[in-house]
Each structure stands twice: as C-alpha cells, then as structure tokens.
Amino acid sequence: MLAFRFWPVLCLAICAQNATAEPLWLSDVPPDPAMAARLHSGHGGWLEPGPRGTFFKRLWLRAGEVPGTAGYPVAATRAEVVLQDPAGAHSTHAAEPGGKHSQWRFPVAQEGFYNIYLTQRQVREGRLHVSVAKAEVLKHSCREGHDDVQSKMPPRHLASIPLELVRERLHKENFHTRLGFGDTVTFRVLAHGAPVAGAEVTMTTASGWRNTVRSDAEGRVRFTLVRDYFPDWKDFDYRHRQDFLVMTTLETDEAGTLDGVPYTRTRYQATLAGQYHPSSRDYQSYGYGLAIGLFGLSFGGLGAYVYRRRRTRPYREVRFHD
Amino acid sequence: MTSLRQWVNGIDLRRFRFWLQLGFFVLFIYGGYAAVNLGNSLPTFACGFVGESRGGVCYLLPLQHQLSVPWQRLFSWAILGVLEAFALFALWFFVLNKAWCGYACPLGTLQDWITALRVRLGVRFSRYREAAFRRLTVIKYVLLALTILMPLAVGGGLLPHSLGTPFCDICPGRMILPLFAGDASQLTVNFAEKSTMIMTALGMLITGGFFAGAFVKKRFFCFFCPMSALHYLLSRPALLQLRKDGSKCTRCGDCYRVCDMDIKAIADEVNTTRIMQDDCILCLKCVSACPEDGALKATFAGVTLFEATEQGFIKRMNKGAAGD
C-alpha cells in the first residue's frame, strides 16, 4: 500500500443497507464540523497538514442525490479504489472495511489534479450494479510557484473505468479559479475512455435544484451553475462553499456472474461532485471602484493645483535705490 | 578602449534609458507570452496580478503570502521557504542595486511616461520643500514595516485572513499594470468583508492619487515605495554603485536639478564617496548632468561603467538631452 503512496486509514465500506439505488459519491467535507476546524483550507479545498510540510487529503464516502442532505454511509462489501496522480500514474487498491465513516487519507505531494475512483459492484435482482464515484482533487500551494500551470490543467480520465464523468476546464482556468454562480461548466461522459452520446446527466445542487440534459455526440453536457445561496447581506459569506453532484447512468445488456451470482443486465452509475462559490460579481463593484479612483484623481489634482496657487507669489516690483 | 569609454560617457542617457525601460516593461508585462519566467522574487514591481502574460513576480507578493501562514508553521519548516525566497531576491537585487527602480520597475516607467506627457503639455513640475521631504521619506519605512507585520499578525490570528497581502491591496501597480494585459478586474471595490472593502477602496483612492501625483511630481509614488526601503537596507554590498568624488565637485547643483527624487545631498555632500541615498532610484541622470570630469560615476563591482565628463556633458547639452 505504501508503495502506492496511498494510506488507507481507510475504513471503507459500503454496507448492505447503503448498497441501494442511492448514488454514492466522494466529498472532502468531514461529517464532524469540528474536524473542519483542524483542516487547512487550500486552493483545492480542505487539506490535512502532515509533518515536515507534507499534506494529506481526506475523502469521505457519501450516499444520496442531494449534496446538502447526503449521508455518510458505513460498512462495505466489495469495492476497489483507483488513485491517479497528477503525472497520470495510477494504482489500484482494495478497500478495507471497518470504522465509523468510510474515508480515505492519502498524501498529495505533487501539484495538480488527483483523480480518485471508488468502484463498487453488486448484483441485485438479476442486475449488476456498478457504481463509480469519482473525485477530482486539486493540490496547489502558491509556495510551489505557478510555473507550467497550464500543462497541469487538462482533465484526465482512465480508460479502465467503465463509466466516468470528466469536468472540462473553463477558459483560462488555473489553480486559483473558483467556479461561481453563473459559470457554465462542461462535462464529458466517457465509457472506457470513449464518449457516450445520448446519456442522461443530472446535476443536483446542495439544496436539491436539479437539471437533466442529454450528452451530445462527443459525450458533452453543459450546465449553468445556478445561485443556490440567498442569505441576508449581513450574513453573506463570499467563501460560502456549495456542493453539486453530477450523475449519469448507462444500461447495457452485459450478462455474467459476480461471485457466483448470475446477472443478465448491467447498470453503470457514475458520479462526480464539485463545489462552487458566490460569483465575484456578487460582491465586487466596478462602479464604486471607479468612482473612488476618480475621486482620488480629482482630489489629488485639485490639491496639487491649490497648493501651487498658494505658493505662487503675485508679481511685485522691488526697486533698489543705491 | 579610450574611444569606447568616451562613447559610453557621451551616451544619450535619456534615450538609452527610455528603450531599456520599455524593454523591461514589455518583459515583465508580456514576457510570459514568450515563455519568459524570471520567478517570484524579483526586486521590482513586476505585478503578480498581471496574469499568465507576466514575465516574473514582485517579491513583496510571495513575501506577504509566506509570512501570513500560521505561526506554528512559519516558525518551523516554512521559514526555509521564506529564507530561500529572500536569498533569491537578494541575488537579483545585488546585480542592479536600486537601478531596479530607475530602469526596470514597470510602475516607475509608467510614472516617467506620465512625466513625459506633462513635459509635452508644458506643465511645470513640483518639488517638495526640504522639511516636507524629510517627513515624507519616512513613510516608505512605515509601509515596509506594515507590509511585514500585518501578514505576521494574520498568521497569528490577530487580523483577518483577507489582510494577508496588505500592500498589494493598496499598491497602484495591482490596479494599473494588469490593464496592460487587458484585465480590468482589479478596478473594483470588494465588499466581501469589511477589511477587503476598506483595503480595496483605499487602493482605488491611492490609484487615483497616483495619477494626479505622478503628473505634477516626478516619480511621485517611488517616494512611498516599501520596495525602495527594502532595497536600501540591502544596497551596500550590491555590485552597481553610485560614487562621488567630492574634491571634483563644484556644487553647481545640476545633479540636484535633474534628480527625479529631489535628493539634495547629491549636490551638497562632498565628504563621502558613497553618495547613494535611500530615495535614489539609480537612474544616473545626475551623472549624465554633471559637467565635472569624474565627479560622479557609476561602478559595477568596482569597475567604472559610466562617469561624468565635460565632453559628455557638452555633447548631451548640444542634443538637449542633459536632463529634463
């Protein structure tokens, strides 16, 4: 395990009662709010500081379609975890059962995006249910510099994953970019790396707003991130984080057996969670900025003019009589 | 060799400086498009907010970032990063000394262009009175102290996190330089928090004042620049130096008259060879305007690069280029 630089503090588990139709997904929001206070907030979300400047990322398994109310399931049957690092190298790990919540902790040493896939297979009512929960995790520290960021930005996928959602980058997106209200985000649906046309993709916001669209010939779907945060201005928090969940399913007539249990059809379900924030347009004002700038210019100019006028002595003839 | 030296000493410094400043301006604002990246420890206002087109980043931005981490982390392994960045900054600085201000700083260059506009419009410039000069020169040290202490207070939880880069919040470079890369997003007041609202409003106010001030006073903002204060603290061992031979000085005052920073000591001081003052931007206009052979000179690692000569002075005077 250590050879993979993947530490399963994990107590992964997907228990029987959670192995239902409820979508599984991965989140870095801890179940205990007190734990969040101990975490370090970085450009890619929560990080756990380790010794000698190292950082770890911790992910929890969630179950439920609405991010705001989704639970933290426990217990597991059969699942595997694939970790893909920013360099593209990937490693497979068997999930280990146990613990209070299903969670993973792994070191994030490299700058860039890590992909983590949790794949669970289970036969129910003669149908194989394959659930792929994916998380895309950014590790970035400004101390590492900002060289060659663009080469680390393109989204990656794994051809070995049966069904996967990939978020495409915004125009000029970098490690500091935060998705905000009003942004249009594009996802691709890929099955073993190939685009899936006509797949139904659903986005659900934290409070349950939902939109479903079908993927085009290249497997692309686009969603506009709607405002789902309406506090009083005095309570407004520009760092307010709002989770969303994107989900798609694919049915095939693949048949076979799993652990000796036969099935005649296969249903794949892929999830990808993300987060967005209030748009800077909500709390930044060009009007006030330019007005104050113009005031500074006018006031400064007037001040210089008055200062000069006061220092200008009127002409006065002085005659010397020897 | 002698003719080369004569040619250098007779150079039209104003034109040379204009092109060099333009080159640095393009390098720092658009260098990224040519894959130029001089790092994050530059001793000049190569603004980090310019975006991907920038050719490097001003040291004050990463310095404030580094100092604003929690104390527990800062005073353990993170201090190594602070020291490394400072060492890089010092290495860059030792090459050009304060000529980073006079030749490389994009914000300084912008002020020189505003001055050129004023000259074309026929508006006379202003000078500080001696007493005002002495009072104002302290401000940059106060700003430098705040630039260091406020992020430290943020790291200690004494100030809100949004005050982690206080000088960048009020630096006119943050508002103005990204405009040259087509980004106007810094011209805003940020109402997200009280502290951001105050700092960004102050930043815009200072930006307005910057334009007004730079129009009537040469190098207006350099007088208050904390980077200039930091430079001066490190300037003694730098390679490029300004020297004066007091025995050759006639105290004609030409050097003072052309000085953008109103440094009177350049004309008055005749007892020391190390003439560089904390406000000096090492533009070398004083050397260019000096008519006395060898009275003022710029040396690099002890070797004379450019020195005042009567011949060079006359040549520049005939071109109308001795100073403005």
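Chain naming here is simple, since letters A, B, ... match the order of the sequence lines and numbering starts at 1 in each.
- Between H161(B) and R239(A) the shortest side-chain heavy-atom distance falls below 4.5 Å.
- Counting heavy-atom pairs closer than 4.5 Å to chain A, the top-ranked of the candidates L80(B), N190(B), T207(B), L205(B) is N190(B).
- For the pair F191(B) and F236(A), the minimum side-chain heavy-atom distance is 4.5 Å or more.
- The closest side-chain heavy-atom distance from Y286(A) to S185(B) is below 4.5 Å.
- For E52(B), the part lying near chain A is the side chain, with the backbone staying farther off; criterion is any non-hydrogen pair under 4.5 Å.
- Between chain A and the residues K217(B), H65(B), M204(B), the most heavy-atom pairs under 4.5 angstrom are made by M204(B).
- No other option in A304(A), G287(A), S285(A), G300(A) has as many heavy-atom pairs under 4.5 Å with chain B as S285(A).
- Heavy-atom pairs under 4.5 Å with chain A peak, among A184(B), G203(B), G39(B), at A184(B).
- Side-chain contact between R308(A) and V123(B) is present, with at least one heavy-atom pair separated by less than 4.5 Å.
- Only the side chain of R73(B) comes within less than 4.5 Å of a heavy atom of chain A; its backbone N, CA, C and O stay farther away.
- Only the side chain of V69(B) comes within less than 4.5 Å of a heavy atom in chain A; its backbone stays farther off.
- For chain A, no part of A78(B) is nearby; none of its heavy atoms comes within less than 4.5 Å.
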